[in-house]
Amino acid sequence: MKKMMILLAALLPVCIACKTQAQESTLKVMSYNIRYGTADDGGDHKWENRKEAAAAMVLDQRPAVFGVQEALDFQLDYLDENCPGYKYVGVGREDGVHEGEHMAVFYDTERVELENWGTYWLSETPEVPSYGWDAACKRTATWTLLKDLQTGKKFYFVNTHLDHVGKEARRKGLLLLVERIGQMNPEGYPMLLVGDFNVHPDNPCLNELRNLMTDAWQSAEEADFGTTWHDWGKNTGDTPIDYIFYSGFSACKSMLRVTQEYKGRSFVSDHYPVTAVLVY
């Protein structure tokens, strides 16, 4: 009996550690408006001058999954070639193939496995390239079904970019996202929606989404709440327009802006990337 008690005492810390580890299984994700690569930004802000910094940021942050907005095909190719271990899916919003900006999803192949994906347009004809309502641009959402290789859990990750002009396009685009998110997940898997929404947190167009999913800015244990579109350091506002929403996770440990320098560059885009660490 004494030997048994000694053995149980020795095993107890191991069991507690295993339980804690299981309880603290986390997933790091990111949203990154990359700033389209043909923009006439001048100087250090040109894509050619900041592309190395962009890849260095991704490798330093090492999210399991991240969504990019505004990315042109040559920007995606650069990240694909210079961020070992990552692959991506996505299509150009203009033709559904290569033309125009992509709302692509990158995933770390050492951490997650892609099971399925697709793209739809935020419009009245979501299955074909199209403008929605009063939008100035064609807008899309790319969805992925992924399997976490560490935990075996499946989850959905959706990446989007709402219109910067059309108020109705933002409102109805979000309603379409809410509808699609509600329909696409009958299994009840954890779900993530990330992107540049082009609205501040108090905008009423977010209300329906908040009824379905949790805003990481509002729920994170640690939140670096502040402007995410900084316009190359000129915008010092105090509210974000880039978001990570989630459902099916037990908690959000952090929601942070990526503000540090990489490769000597102050900015990897005119937006700060944002990262969240979710707990299963």
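We count residues from 1, following the sequence as given.
- In this structure, the separation between CG on Asp108 and SG on Cys83 is 10.5 Å, given to the nearest 0.5 Å.
- Residues passing the salt bridge (Lys or Arg N to Asp or Glu O under 4.0 Å) test with Arg50, sequence neighbours excluded: none.
- Linking ILVMFWY side-chain heavy atoms closer than 4.5 Å, directly or via other members, places Met213 and Phe225 in a single hydrophobic cluster.
- Side-chain atoms of Glu70 come within 3.5 Å of backbone N or O of Tyr36 as a donor-acceptor pair.
- For the residue pair Arg139/His164, the side-chain donor-acceptor check at 3.5 Å is satisfied.
- Screening Thr140, Leu193, Thr119 against Thr160 for a side-chain contact (heavy atoms from CB on, under 4.5 Å) leaves a single residue, Leu193.
- When atom types are taken as modelled, the side chain of Arg257 and the backbone of Asp224 share a donor-acceptor pair closer than 3.5 angstrom.
- Asp95 places a side-chain N or O within donor-acceptor distance of the main-chain N or O of Glu99, the cut-off being under 3.5 Å.
- The existence of a salt bridge linking Asp163 and Arg170 is excluded, since no basic side-chain nitrogen approaches an acidic carboxylate oxygen closer than 4.0 Å.
- For residues 94-119, the pairs satisfying ring-ring contact (aromatic ring centres under 6.0 Å, His included) are Phe66-Phe106, Tyr88-Phe106, with sequence neighbours left out.
- Checked by atom type, the side-chain pair Asp196/His161 shows a donor-acceptor distance below 3.5 Å.
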Run the side-chain donor-acceptor check on residues 239-246: report pairs under 3.5 Å with partners two or more places apart or on a different chain.
{"from": "Thr239", "atom 1": "OG1", "to": "His200", "atom 2": "NE2", "distance (Å)": "3.4"}
{"from": "Asp242", "atom 1": "OD1", "to": "Thr228", "atom 2": "OG1", "distance (Å)": "2.6"}
{"from": "Asp242", "atom 1": "OD1", "to": "His271", "atom 2": "ND1", "distance (Å)": "2.8"}
{"from": "Asp242", "atom 1": "OD2", "to": "His271", "atom 2": "ND1", "distance (Å)": "3.3"}
{"from": "Tyr243", "atom 1": "OH", "to": "Val199", "atom 2": "O", "distance (Å)": "2.7"}
{"from": "Tyr243", "atom 1": "OH", "to": "Pro240", "atom 2": "O", "distance (Å)": "3.4"}
{"from": "Tyr246", "atom 1": "OH", "to": "Ser219", "atom 2": "OG", "distance (Å)": "2.7"}

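- Side-chain atoms of Ser250 come within 3.5 Å of backbone N or O of Tyr280 as a donor-acceptor pair.
- In this structure, Ala220 and Ala223 approach most closely via the heavy-atom pair CB-CB, 4.3 Å.
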In a table with atom names and distances, give each donor-acceptor pair under 3.5 Å that connects a side chain of residues 149-158 to protein atoms at least two apart or in another chain.
{"from": "Thr151", "atom 1": "OG1", "to": "Lys153", "atom 2": "N", "distance (Å)": "3.1"}
{"from": "Lys154", "atom 1": "NZ", "to": "Glu115", "atom 2": "OE1", "distance (Å)": "3.1"}
{"from": "Tyr156", "atom 1": "OH", "to": "Met184", "atom 2": "O", "distance (Å)": "3.0"}

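- Partners of Asn116 by side-chain contact (heavy atoms from CB on, under 4.5 Å), not counting sequence neighbours, listed by chain and number: Trp143, Leu145.
- Between Ser31 and Gln69, the side chains place a donor N or O and an acceptor N or O closer than 3.5 Å (distance only, hydrogens not considered).
- Pairs passing the salt bridge (Lys or Arg N to Asp or Glu O under 4.0 Å) check and including a residue from residues 203-216, sequence neighbours excluded, read Arg210-Asp215.
- For Thr142 (side chain) and Asn159 (main-chain N/O), no donor-acceptor pair under 3.5 Å exists by modelled atom type.
- With sequence neighbours excluded, no residue forms a salt bridge (Lys or Arg N to Asp or Glu O under 4.0 Å) with Asp73.
- Every residue meeting the salt bridge (Lys or Arg N to Asp or Glu O under 4.0 Å) condition with Glu94, not counting sequence neighbours, appears here in chain and number order: Lys138.
- Residue pairs that meet the salt bridge (Lys or Arg N to Asp or Glu O under 4.0 Å) test with at least one member in residues 78-91, sequence neighbours left out, do not exist here.
- No donor-acceptor pair closer than 3.5 Å links the side chain of Trp121 to the backbone N or O of Gly132.
- Listed by first then second residue, pairs satisfying salt bridge (Lys or Arg N to Asp or Glu O under 4.0 Å) with a partner in residues 140-150 read Arg111-Asp148, not counting sequence neighbours.
- Of the inter-residue distances, the one linking Cys137 atom SG with Leu122 atom CG reads 12.0 Å to the nearest 0.5 angstrom.
- Taken from OG in Ser254 to NZ in Lys28, the straight-line distance is 7.5 Å, to the nearest 0.5 Å.
- The line from CZ of Arg180 to CG of Asn185 is 14.5 Å long, rounded to the nearest 0.5 Å.
- Taken together through direct or relayed side-chain contacts under 4.5 Å among Ile, Leu, Val, Met, Phe, Trp and Tyr, Val68 and Leu114 form parts of separate hydrophobic clusters.
- The backbone N or O of Val29 sits nowhere less than 3.5 Å from a side-chain atom of Thr275 that would complete a donor-acceptor pair.
- Between the side chain of Asn49 and the backbone N or O of Gly43 there is at least one donor-acceptor pair closer than 3.5 Å.
- Applying the side-chain contact (heavy atoms from CB on, under 4.5 Å) rule to Lys263 yields the partners Glu52, Ala53, Ala56; only residues at least two apart in sequence or on another chain are considered.
- One N or O on the side chain of Gln75 and one on the backbone of Gly37 form a donor-acceptor pair closer than 3.5 Å.
- Note: Phe267 CZ to Thr259 OG1 = 9.5 Å, rounded to the nearest 0.5 Å.
- In terms of the ring-ring contact (aromatic ring centres under 6.0 Å, His included) criterion, Tyr131 has no residue partners (sequence neighbours excluded).
- The CG atom of Leu177 lies 8.0 Å from the CG atom of Leu209; values are rounded to the nearest 0.5 Å.
- Ionic pairing of Arg265 and Asp44 is present here: one or more N-O contacts between side-chain nitrogen and carboxylate oxygen are shorter than 4.0 angstrom.
- For Glu48 and Tyr78, the side-chain atoms include no donor-acceptor pair closer than 3.5 Å.
- A donor-acceptor pair is defined here as one N or O able to donate and one able to accept, closer than 3.5 Å; no such pair exists between the side chain of Thr144 and the backbone of Leu146.
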